[in-house]
Amino acid sequence: MTKRALITGITGQDGNYLAEYLLDQGYEVHGLVRGQANPKVAQLRRSHGDVKIVQGDLLDQGSLISAVQQVQPDEVYNLGAISYVPLSWQQAEITAEVTGMGVLRMLEAIRVVSGASSSRTTPSSQIRFYQASSSEMFGLVTEATQNEHTPFHPRSPYGVAKAYGHFITQNYRESYGMFAVSGILFNHESPRRGSEFVTRKVSRAVARIKLGLQNELRLGNMEARRDWGYAGDYVRAMHMMLQQDTPEDYVVGTGHTHSVQELVEVAFRAVGLECGDYVVSDPEFRRPADVNLLCADPKKARDKLGWEPAMSFEELVTRMVESDLALFSESGR
Ligand code: NAP
Ligand code: G4F
């Protein structure tokens, strides 16, 4: 029988890759969108015409219940969030509502529709739930690598909201016997990454500088280190987690860490330029509190899921720069 998936955050980077992956696996894919006016919805219809659109908002409980009732999914992937960390200081309350409370609302929608009442009763239909947890929850780390047992010390309102989403998912699993899991994903990027995130900001700027459309790149904390992987690899891990016999949480990352400085050097090297000639330090892009080091210990995902990332950091950055070069060569601005 054809499996049915409901994806929140379908217009985002991961939603896009996951929809593509699940369609390839033969799924019927439904994407929750807030409004049809969003240009990304039209773009999604053009690029992934087989995705069925369902209306709903993580701020609105009734709309989520209706969406789950309408779609009757086998699997729900909750990728919707306010995901840009700096915005979470400017809009802390709405971040808590969407990124944190939105998880509770989605779990409630599943609980109500599937009739789960307590851990002693088995829900009439097992809708499997994936929560997009984040390595931002680790925050101020004291260990060189982070795994499923590393304590959380979030450094942003976003990280705090994600920690709530993580624990409420665990709680619904334990309280109601739901198949609800969290993937604690480290940073993952692609040519489809939003332009506000540092990798894409860099790849766009390098392409534009190479084409003579821009003459500098202004950045904040260049010492911050991240475990950067390719988004296309990470959506496979999300799917794998929902195919297991038991619901468990997993850390997903490459196990390698690089600084923003290294990212910039690789990106400029890809077009034969020296980064020192173009990069300007700008306090505007520094955060009230930053996460200085993230590096995954993905042993559990490797051993239990058999998941491995396929793309290296250098290849990822080079591909992003090449994609932006093609984009800006075509548009000329
Ligand atoms: P993204 O590109 O920023 O996409 C976010 C999605 O959330 C968009 O589709 C957006 O829809 C949707 N959204 C925002 N507010 C909503 C609301 N009120 N109701 C329903 N949907 C709403 O994020 P991403 O990079 O694909 O990440 C996917 C998920 O993984 C997010 O939860 C993120 O926090 C988490 N995560 C990402 C990474 C990473 O490195 N990419 C790492 C760890 C965890 P609109 O188009 O309508 O705005
Ligand atoms: O690319 P970023 O904005 O990603 P950040 O904050 O790590 O968050 C991303 O990854 C999380 C997983 O760990 C996700 F949960 C989250 O939703 C998002 O996808 O910043 C990366 C680093 C930071 O330390 C930042 O201070 O780059 C540093 N940075 C330096 N200059 C900059 C800039 N970041 C941005 N966005 N812009 C700059 O100009």
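Source: prediction; values computed, not measured. Atoms within a ligand are numbered from 1 in the order they appear, just like the ligands themselves.
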I'd like to know if K162 contacts ligand 1, where contact means a heavy-atom distance under 4.0 Å to any ligand atom. yes
Answer whether the closest heavy-atom distance between the side chains of D297 and V251 falls below 4.5 Å. no
Which ligand 1 atoms does A132 reach within 4.0 Å, using its non-hydrogen atoms? 29 (C), 30 (O), 32 (O), 35 (C)
Quick one: does N187 get an N or O within less than 3.5 Å of an N or O on ligand 2? yes
List ligand 2 atoms under 4.0 Å from S135, heavy atoms only on the residue side. 12 (C), 13 (O)
Among all protein heavy atoms in this structure, tell me which lies nearest to atom 1 (O) of ligand 2, with the distance rounded to 0.1 Å. V198 N, 2.9 Å
Taking atom 14 (C) of ligand 2 as the reference point, the nearest protein heavy atom with its distance: Y158 OH, 3.5 Å
Suppose I only count heavy atoms of V98 and a 4.0 Å limit; which atoms of ligand 1 are within that range? 15 (N), 16 (C), 17 (C), 18 (N)
Is the closest side-chain donor-acceptor distance between Q131 and S133 under 3.5 Å? no
Please name the pair of heavy atoms, one in R128 and one in Q244, separated by the smallest distance, quoted to 0.1 Å. NH1-O, 2.9 Å
Any non-hydrogen side-chain atom of R287 less than 4.5 Å from a side-chain atom of R155? no
Among all protein non-hydrogen atoms, which one is nearest to atom 34 (O) of ligand 1, and what is the separation to 0.1 Å? Y158 OH, 2.6 Å
Subset of ligand 1 atoms that lie under 4.0 Å from at least one heavy atom of N187: 40 (O)
With atoms numbered from 1 as shown, which atoms in ligand 2 lie under 4.0 angstrom from a non-hydrogen atom of L294? 13 (O)
Ligand 1 and S134, any nitrogen or oxygen pair closer than 3.5 angstrom? no
Just so I know, are the side chains of N147 and K300 near enough to count as touching, which here means a heavy-atom distance under 4.5 Å? no
From the options S133, G253, G9, select the one whose nearest heavy atom is closest to atom 6 (C) of ligand 1. G9
What residue and heavy atom of the protein are closest to atom 8 (O) of ligand 2, and at what distance? V85 CG2, 3.7 Å
Any N or O of Q13 that comes nearer than 3.5 Å to an N or O of ligand 1? yes
CG/N78 to CG/L107 distance, rounded to the nearest 0.5 angstrom? 7.5 Å
Could you give the distance from NZ (K162) to NE2 (H166), rounded to the nearest 0.5 Å? 11.5 Å
Counting from 1, what ligand 2 atoms have a heavy atom of S134 closer than 4.0 Å? 11 (C), 12 (C), 13 (O), 14 (C), 15 (F)
Run down the list E196, E189, R193, K201 and name the one with the heavy atom closest to atom 36 (N) of ligand 2. E196
Minimum side-chain heavy-atom gap L242-Y77 below 4.5 Å: yes
With a cut-off of 4.0 Å, which atoms of ligand 2 are near a heavy atom of S83? 16 (C), 17 (O), 18 (C)
In sequence, state the C-alpha distance, the side-chain angles, and the governing distance for D324 and R200, and then conclude on salt bridge (charged side-chain N to carboxylate O under 4.0 Å, His left out). CA-CA 9 Å; D324 280 325; R200 188 75 198 286; 2.7 Å; yes
Could an N or O of ligand 1 be found under 3.5 Å from any N or O of I82, whether backbone or side chain? no
Could you check whether any side-chain heavy atom of Y250 comes within less than 4.5 Å of a side-chain heavy atom of M240, counting everything from C-beta outward? no
For atom 23 (O) of ligand 1, what's the nearest protein heavy-atom neighbour? Residue, atom name and distance, please. S83 OG, 3.5 Å
Give the numbers and elements of all ligand 2 atoms closer than 4.0 Å to a heavy atom of V260. 27 (O), 28 (C)
Ligand 1 to L79 polar contact by distance, N or O atoms, under 3.5 Å: yes
Please could you name the atoms of ligand 2 that A224 approaches to less than 4.0 Å, counting only its heavy atoms? 24 (O)
Quick check: G220 and ligand 2, any N/O pair under 3.5 Å apart? yes
Looking only at distances, please establish whether an N/O atom of ligand 2 is found under 3.5 Å from an N/O atom of D290. yes
Connected to Y158, directly or through other members, by ILVMFWY side-chain contacts below 4.5 Å are V85, W89
Could you check atom 38 (C) of ligand 1 against the protein and tell me its nearest heavy-atom contact, residue, atom and distance included? H188 CE1, 3.2 Å
Compare all side-chain heavy atoms of D74 with those of M1 and state whether any distance is below 4.5 angstrom. no
Counting heavy atoms only, which of I94, T11, V252, V41 is nearest atom 11 (O) of ligand 1? T11
Are H239 and Y21 near enough that their ring centres are under 6.0 Å apart? yes
To atom 2 (P) of ligand 2, the nearest of R200, R287, R226 on a heavy-atom basis is R287
For G12 and ligand 1, does the shortest N/O to N/O distance drop below 3.5 Å? yes
Below 3.5 angstrom, do we get any N/O pair linking D57 and ligand 1? yes
Please find the pair of heavy atoms, one from W228 and one from T199, that lie closest to each other, and give the distance. NE1-CG2, 3.5 Å
Ranked by distance from atom 5 (C) of ligand 1, the top protein heavy atom is A81 O, 3.6 Å
4.5 Å side-chain heavy-atom contact, E108 and I65: no
Ring centers of F152, F138 separated by less than 6.0 Å: yes
Min side-chain heavy-atom separation H48-E20 under 4.5 Å: yes
Can you list the atoms of ligand 1 that are under 4.0 Å from a heavy atom of G80? 7 (O), 12 (C)
Look only at interatomic distance and state if L58 has a nitrogen or oxygen under 3.5 Å from any nitrogen or oxygen of ligand 1. yes
To the nearest 0.5 Å, tell me how far S182 OG sits from Q170 CD. 7.5 Å
Note the single closest protein heavy atom to atom 27 (O) of ligand 1, along with its residue, its atom name and the distance in Å. D14 OD2, 3.6 Å
If the contact criterion is a heavy-atom separation under 4.0 Å, does R193 count as touching ligand 1? yes
Just to be sure I read this right, does ligand 1 sit under 4.0 Å from the backbone of N78, its side chain, both, or neither, counting only heavy atoms? neither
For S135 and ligand 1, does the shortest N/O to N/O distance drop below 3.5 Å? no
Among all protein non-hydrogen atoms, which one is nearest to atom 15 (N) of ligand 1, and what is the separation to 0.1 Å? R34 CZ, 3.5 Å
So that I know where these two stand, are H188 and Y17 an aromatic pair - ring centroids less than 6.0 Å apart? no
Could you state whether Y176 and Y164 fall into the same hydrophobic cluster, counting links through intermediate Ile, Leu, Val, Met, Phe, Trp or Tyr residues with side-chain heavy atoms under 4.5 angstrom apart? yes
